[in-house]
Amino acid sequence: MRIDIATLFPEMCETVLSESIIGRARRKGILQFFCHNIRDYTLDKHRRVDDAPYGGGMGMVMQADPIYRCFEDVREKLGKRPHVIYLSPQGKSLTQAKAVELSKMDGLMLICGHYEGVDERVIEEIVDEEISIGDYVLTGGELPALVLADTVCRLIPGVLSDEESFTEESHYAGLLEYPQYTRPPVWHDREVPSVLFTGHHANIRKWRREQQIVRTLHKRPDMLKDAPLDKEDRKFLRLLQQKEE
């Protein structure tokens, strides 16, 4: 997968995307990232990319033309139009389902806003969708872009060592993940559940599934409405709910 990021801080993005699992996949050629400095696309001799908002108000607004020129450069290099995402607190919330959807695309272009945002006309002209990572405001779009890139890219085949690394995680299959344990078997008088020492894989799978339901009920009961529960799952859930009534 290829991801192009239009940003005022390409070094910031490069640093994060060169580390850990994503960085290793990038060095292997599984992932491609190109961080474009929006200032490189302005015609202003002082490399300005912002100006005062029409109608007055505080702050500055990023101009449409440098962002559009960056988009045109990416489109020319790709030989086709990229799927463009503007990271914005006004966008739809990033979910695991959206990450899965985006991971199936050939490539993405992420636009990082700053100041009071970007000229609305460039959003209307080139942006396919706006995405938010939460109901709060940050100083720029770089952190949201990096969050989106990470959650999407870890789903690409070959990035993680085993598909189960993400298919059993929280949110992927509609439930929260079961609790995890490692050595030592007893820590601060807290013991690892005995079923995990039995080596009985069917019982361990059953326990883990039940723990997923328990955790989801207690932490995110809203998710149970759409969770893919089978007959046994629903029976177990009813028993839990009855005990807590």
Side-chain angles (χ1 to χ4, degrees), residues 1-17 31-153:
M1 164 169 273
R2 170 172 170 151
I3 294 183
D4 290 86
I5 302 178
T7 169
L8 295 180
F9 299 97
E11 295 84 2
M12 173 183 175
C13 298
E14 286 285 355
T15 297
V16 174
L17 297 171
L31 303 174
Q32 288 184 301
F33 296 104
F34 296 89
C35 301
H36 308 273
N37 191 333
I38 296 172
R39 295 188 189 279
D40 292 340
Y41 297 90
T42 181
L43 300 181
D44 183 86
K45 64 180 181 180
H46 302 296
R47 289 168 56 82
R48 285 188 57 181
V49 296
D50 63 317
D51 210 331
Y54 282 125
M58 295 181 62
M60 305 291 276
V61 176
M62 291 182 68
Q63 296 170 314
D65 203 54
I67 297 172
Y68 183 76
R69 288 175 178 275
C70 182
F71 162 77
E72 286 281 87
D73 184 42
V74 171
R75 178 163 64 177
E76 183 176 342
K77 286 182 170 66
L78 285 175
K80 60 181 178 180
R81 190 189 191 286
H83 183 79
V84 181
I85 297 171
Y86 174 49
L87 284 305
S88 164
Q90 296 187 23
K92 292 183 179 179
S93 296
L94 176 62
T95 64
Q96 189 66 27
K98 172 55 71 170
V100 171
E101 176 188 329
L102 295 176
S103 72
K104 296 176 182 178
M105 296 184 176
D106 293 334
L108 306 172
M109 181 175 180
L110 312 181
I111 297 176
C112 305
H114 265 274
Y115 315 120
E116 297 305 310
V118 306
D119 190 307
E120 186 69 21
R121 292 168 295 182
V122 79
I123 297 176
E124 296 170 349
E125 184 81 10
I126 66 173
V127 170
D128 294 300
E129 58 182 323
E130 296 181 49
I131 292 180
S132 167
I133 64 167
D135 294 335
Y136 46 86
V137 180
L138 298 170
T139 55
E142 282 74 22
L143 291 177
L146 293 169
V147 167
L148 187 149
D150 188 284
T151 193
V152 169
C153 288

Between atom [atom1] of [X] and atom [atom2] of [Y], what is the distance when rounded to the nearest 0.5 Å?
X	Y	atom1	atom2	result
Ile111	Ile38	CD1	CD1	7.5 Å
Phe9	Thr139	CZ	OG1	8.0 Å
Leu108	Leu148	CG	CG	7.0 Å
Ile5	Ile85	CD1	CD1	10.5 Å
Glu76	Arg81	CD	CZ	15.5 Å

Do [X] and [Y] have side chains that approach each other closer than 4.5 Å (heavy atoms only, starting at C-beta)?
X	Y	result
Cys153	Phe33	yes
Leu17	Cys35	yes
Gln90	Ile123	no
Gln96	Thr151	yes
Cys112	Leu8	no

Which heavy atom of [X] sits nearest a heavy atom of [Y], and at what distance?
X	Y	value
Met1	Leu102	CE-O, 3.3 Å
Pro144	Ile133	CA-CD1, 3.8 Å
Met109	Ala6	CE-CB, 4.0 Å
Ser88	Glu130	OG-OE1, 3.3 Å
Asp128	Pro82	OD2-O, 3.6 Å
Arg39	Arg48	NH1-CA, 4.3 Å

### Task
With side chain to side chain contact (heavy atoms under 4.5 Å, CB included) as the test, would you mind laying out the steps for His36 and Tyr41 before giving the verdict?
CA-CA 9 Å; His36 308 273; Tyr41 297 90; 3.6 Å; yes
### Query
Step by step, would you call Thr7 with Met12 a side chain to side chain contact (heavy atoms under 4.5 Å, CB included)?
CA-CA 9 Å; Thr7 169; Met12 173 183 175; over 6 Å; no
### Message
Any carboxylate oxygen within less than 4.0 angstrom of a Lys/Arg side-chain nitrogen, looking at Asp106 and Lys80?
### Response
yes
### Message
For the CZ atom on Arg121, are there more than 12 heavy atoms of other groups (residues, nucleotides or ligands in this structure) within a distance under 6.0 Å?
### Response
no
### Query
Around Tyr136, counting heavy atoms of other residues, nucleotides and ligands shown, do more than 12 lie under 6.0 Å from its OH?
yes
Quiz: residues 58-71 side-chain donor-acceptor pairs under 3.5 angstrom, not counting sequence neighbours:
{"residue": "Asp65", "atom": "OD2", "partner": "Arg69", "partner atom": "NE", "Å": "2.8"}

#### Entry: Test side chain to side chain contact (heavy atoms under 4.5 Å, CB included) applied to Val74 and Val84, step by step
CA-CA 11 Å; Val74 171; Val84 181; over 6 Å; no
### Task
Indicate yes or no for a side-chain donor-acceptor contact from His83 to the backbone of Gly107 under 3.5 Å, with no hydrogens or angles considered.
no
### Query
What do the steps show when you test Arg47 against Asp40 for side chain to side chain contact (heavy atoms under 4.5 Å, CB included), and what is the final call?
CA-CA 7 Å; Arg47 289 168 56 82; Asp40 292 340; 3.1 Å; yes
